[in-house]
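Both backbone and side-chain heavy atoms feed into the values below; hydrogens, waters and symmetry mates do not.
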Amino acid sequence: MVRPSHAGPPTATSAYEIAASVPDPELPFLTLADLGILRDVEQDGETVTVTITPTYSGCPAMREITADLRHRLESAGFAAAEIRTRLAPAWTSDWVTAEGRRKLAEAGIAPPHPAPVRGSGPVPLNLTARPRAVDCPHCGAANTREVAAFSGTACKALYRCEQCSEPFEYVKGI
């Protein structure tokens, strides 16, 4: 059970700290803040409203994230916790924090490349272009190859390093 860090009624700061520290159910070493899906935390008395943006619109983890947020906030003393989903602007892998990228690499998962530039029209599709090199999180080599477009979750691909032969996942840049 998560408790506020001080005595007295829960505060907006503690609500944010609680929401920010909720782990992602698919990558539990990352928090919602690390992933950049925590968009806003507002408090009105003992009611708190948390707004999150899914990594993609069909993310199956959203139900679990919502339930975990609500449980942790209500356990910390908030009378009611409303969890809202905001789809626009769409989440981008650029929102993963530097700390999140560090944690991914430490866990042996290659962090995403910068997302394609948005707002300047459609992103061109080139079917013959080779994908960008993904550095191995184990040895740092750029000599890697994609083994499968999807891994444990739809937002990750499976790679193998040709240098150290280790398999690893890569969080796709979107």
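Expressed to the nearest 0.5 Å, how far CZ of Phe29 lies from CG of Asp24 amounts to 8.5 Å. For the atom pair Arg39 CZ and Ile52 CD1, the distance stands at 11.5 Å (nearest 0.5 Å). Annotation: the span from Arg101 atom CZ to Leu30 atom CG amounts to 11.0 Å, rounded to 0.5 Å. In this structure, Leu35 CG and Glu26 CD are separated by 9.5 Å, a value rounded to the nearest 0.5 Å.
Pairing each heavy atom of Ala110 with each of Phe168, the nearest pair is CB-CE1, 3.8 Å. Between Pro25 and Ile65, the shortest heavy-atom contact is CD-CG1, 3.5 Å. Considering all non-hydrogen atoms of both residues, Ile18 and Leu73 come closest at CG2-CD2, 3.8 Å. The heavy-atom pair separating Asp94 from His113 by the smallest distance is OD1-O, 4.4 Å. Closest approach of Gln43 and Phe78 over heavy atoms only: NE2-CE2, 3.6 Å. Scanning all heavy atoms of the two residues, the minimum distance from Pro23 to Pro28 falls at CB-O, 3.5 Å.
Residues Tyr16 and Leu38 are in side-chain contact: their nearest non-hydrogen atoms beyond the backbone lie under 4.5 Å apart. In this structure the side chain of Trp95 reaches within 4.5 angstrom of the side chain of Pro89, judged on heavy atoms. A 4.5 Å side-chain heavy-atom check between Thr49 and Arg84 finds at least one atom pair inside the cut-off. Contact of the Ile109 side chain with the Leu27 side chain is registered, since non-hydrogen atoms from C-beta on lie closer than 4.5 Å. Within the 4.5 Å cutoff, no side-chain heavy atoms of Thr144 are placed close to those of Asp135. Side-chain atoms of Leu104 and Pro112, non-hydrogen and from C-beta on, do get closer than 4.5 Å to each other.
Screening Leu32, Val41, Val48 for a side chain to side chain contact (heavy atoms under 4.5 Å, CB included) with Leu69, the sole residue that qualifies is Leu32.
Within the structure, the salt bridge (charged side-chain N to carboxylate O under 4.0 Å, His left out) test picks out the following pairs touching residues 59-69 (sequence neighbours left out): Asp68-Arg72. Every pair passing salt bridge (charged side-chain N to carboxylate O under 4.0 Å, His left out) that includes a residue from residues 164-174 is listed here, sequence neighbours excluded: Lys156-Glu169.
Criterion: ILVMFWY side-chain heavy atoms under 4.5 Å apart, direct or through other members. Under it, Val134 and Val147 are not part of a common hydrophobic cluster. One hydrophobic cluster holds both Ile83 and Met62 under the rule that ILVMFWY side chains link at heavy-atom gaps under 4.5 Å. Phe150 and Val171 fall into different hydrophobic clusters, defined by Ile, Leu, Val, Met, Phe, Trp and Tyr side-chain heavy atoms under 4.5 Å apart, directly or through other members.
Remark: the backbone N or O of Ile174 is paired with a side-chain donor or acceptor of Thr92 at under 3.5 angstrom. Between the side chain of Arg160 and the main chain of Ser165, a donor-acceptor pair closer than 3.5 Å is present.
Classification of Glu99 and Arg102 as a salt-bridged pair holds, one side-chain N sitting under 4.0 Å from a carboxylate O.
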